[in-house]
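For reference, the structure discussed in these notes is given below.
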Amino acid sequence: MPIFLLGAAEGQRVGIAFNFNGSDGQGEYGFFQELGATLQPHTTYTLEVEIGNITSATAMNGAFFPLEGFPGYRVELLAGGMMLEQDNNLLSGTISDGEFATSVITYTTGASHDLFDENLGILLVNLNQADPSFPASDIEVDFDNVRLDASPALAGDFDGDLDVDGADFLDWQRNTSVGNLSDWQTTYGSVLEPLGGLQSIPEPSSVWILLGGTAILYRKRSRL
């Protein structure tokens, strides 16, 4: 029987971070990938990951896997092994059994950063927390279609539309924490053309380094 109602979010494979019931509270686990790209100045990074909440199903050998509920997840964007930004389980409670939802995190650099030229990394984690509504369920989170976009960021462009104009000044007036007014004054009138830097992270298991979990797989996941 189908374990995702509409199939995998992309291709025929998903990343499976799985453990049997009773393992909750023994530590989180998941996937880490270091990229060849490095953290650069004046760049907005957007990381998108499809998060899957698998449904219960019977395997071809007749074994039943109870997979109701959701153990929680975390997605992190890193540079030099240090976290830049994260989605810490924000979609929990919103993903129905057998469906995927999109996690989106963004991070924008300015003119200086301690981690410039450090390799970017992506961390996908199963929090390994038993769902109190389904304490007897196995513990699995699925990850698919990982995409990282790197687009130029312009100092003073507080609304992110790739130009510096009066709208950015209004944004700064409403919330001065969006940036420095001196950046807006220096770059007023500047315009950047989008580079379209979307990169899809490849599926094969060879690109993944396993963390400390006990049962972590990366394989076809269309049917049990």
Side-chain angles (χ1 to χ4, degrees), residues 8-11 13-17 27-52 72-92 100-128 141-162 177-180 183 187 190 192-213 216-219:
E10 191 275 332
R13 298 174 180 269
V14 299
I16 304 170
E28 60 188 31
Y29 49 89
F31 305 98
F32 170 73
Q33 184 181 4
E34 184 176 86
L35 308 180
T38 58
L39 189 68
Q40 296 299 309
H42 298 301
T43 302
T44 295
Y45 297 92
T46 303
L47 175 61
E48 298 181 68
V49 182
E50 301 302 316
I51 309 296
Y73 74 95
R74 188 174 68 254
V75 174
E76 293 185 11
L77 177 65
L78 307 98
M82 304 295 292
M83 186 187 71
L84 301 174
E85 189 56 85
Q86 66 174 345
D87 168 5
N88 189 16
N89 208 27
L90 293 178
L91 297 174
S92 183
F100 283 88
T102 307
S103 165
V104 181
I105 60 177
T106 60
Y107 185 81
T108 299
T109 58
S112 62
H113 200 291
D114 290 342
L115 298 175
F116 279 158
D117 296 322
E118 294 286 346
N119 287 85
L120 296 168
I122 297 171
L123 182 66
L124 310 176
V125 174
N126 181 333
L127 295 180
N128 196 26
V141 178
D142 297 87
F143 303 97
D144 198 17
N145 199 16
V146 181
R147 296 94 73 196
L148 179 62
D149 177 86
S151 298
L154 184 60
D157 178 21
F158 304 135
D159 60 9
D161 64 354
L162 301 184
S177 67
V178 297
N180 297 319
D183 289 336
T187 58
S190 300
L192 279 177
E193 294 296 328
L195 296 179
L198 183 65
Q199 298 184 32
S200 182
I201 308 305
E203 282 191 340
S205 58
S206 61
V207 303
W208 295 104
I209 300 174
L210 303 186
L211 302 181
I216 308 173
L217 307 173
Y218 194 80
R219 65 170 185 239

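Model, not experiment: these values are computed from the prediction.
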(request) Can you sort out the partners of Thr102 under side chain to side chain contact (heavy atoms under 4.5 Å, CB included), two or more places apart, ordered by chain and number? (result)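 By the side chain to side chain contact (heavy atoms under 4.5 Å, CB included) rule, Thr102 matches Glu48, Glu50, Val104, Arg147.
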
Is it the case that the side chain of [X] and the backbone of [Y] share a donor-acceptor pair, with hydrogens and angles ignored and the cut-off at 3.5 Å?
X      : Y      : value
Asn126 : Gly30  : no
Asp144 : Val14  : no
Thr43  : Thr109 : no
Thr187 : Ala155 : yes

First locate atom [atom1] of [X], then atom [atom2] of [Y], and finally report the distance between them rounded to the nearest 0.5 Å.
X      : Y      : atom1 : atom2 : result
Tyr29  : Leu127 : OH    : CG    : 10.0 Å
Gln33  : Leu123 : CD    : CG    : 11.5 Å
Leu148 : Ile105 : CG    : CD1   : 9.0 Å
Asp157 : His42  : CG    : NE2   : 12.0 Å

To check you understand the geometry: which heavy-atom pair defines the closest contact between [X] and [Y], and what is its length?
X     : Y      : answer
Phe32 : Leu78  : CE1-CD1, 4.2 Å
Thr38 : Leu120 : C-CG, 4.0 Å
Leu77 : Tyr107 : CD2-CB, 4.2 Å

(request) Answer yes or no: is there a side-chain heavy-atom contact under 4.5 Å between Phe143 and Ile51? (result)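 Yes, at least one pair of side-chain atoms sits under 4.5 Å.
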
(message) Please determine whether side chain to side chain contact (heavy atoms under 4.5 Å, CB included) holds for the pair Leu47 and Val146, giving the CA-CA distance in whole Å, both sets of side-chain angles, and the decisive distance to 0.1 Å.
(response) CA-CA 7 Å; Leu47 175 61; Val146 181; 3.9 Å; yes

(message) Determine whether Tyr45 and Leu39 satisfy the following criterion, side chain to side chain contact (heavy atoms under 4.5 Å, CB included), listing intermediate values before the conclusion.
(response) CA-CA 9 Å; Tyr45 297 92; Leu39 189 68; 3.5 Å; yes

Please tabulate, for the side chains in residues 81-91, all donor-acceptor contacts under 3.5 angstrom to protein atoms that are two or more places apart in sequence or on a different chain.
from  : atom 1 : to     : atom 2 : distance (Å)
Asp87 : OD1    : Tyr73  : OH     : 3.1
Asp87 : OD1    : Asn89  : N      : 3.4
Asp87 : OD1    : Leu90  : N      : 2.9
Asp87 : OD2    : Tyr73  : OH     : 2.6
Asp87 : OD2    : Ser103 : OG     : 2.6
Asn89 : OD1    : Tyr73  : N      : 3.1

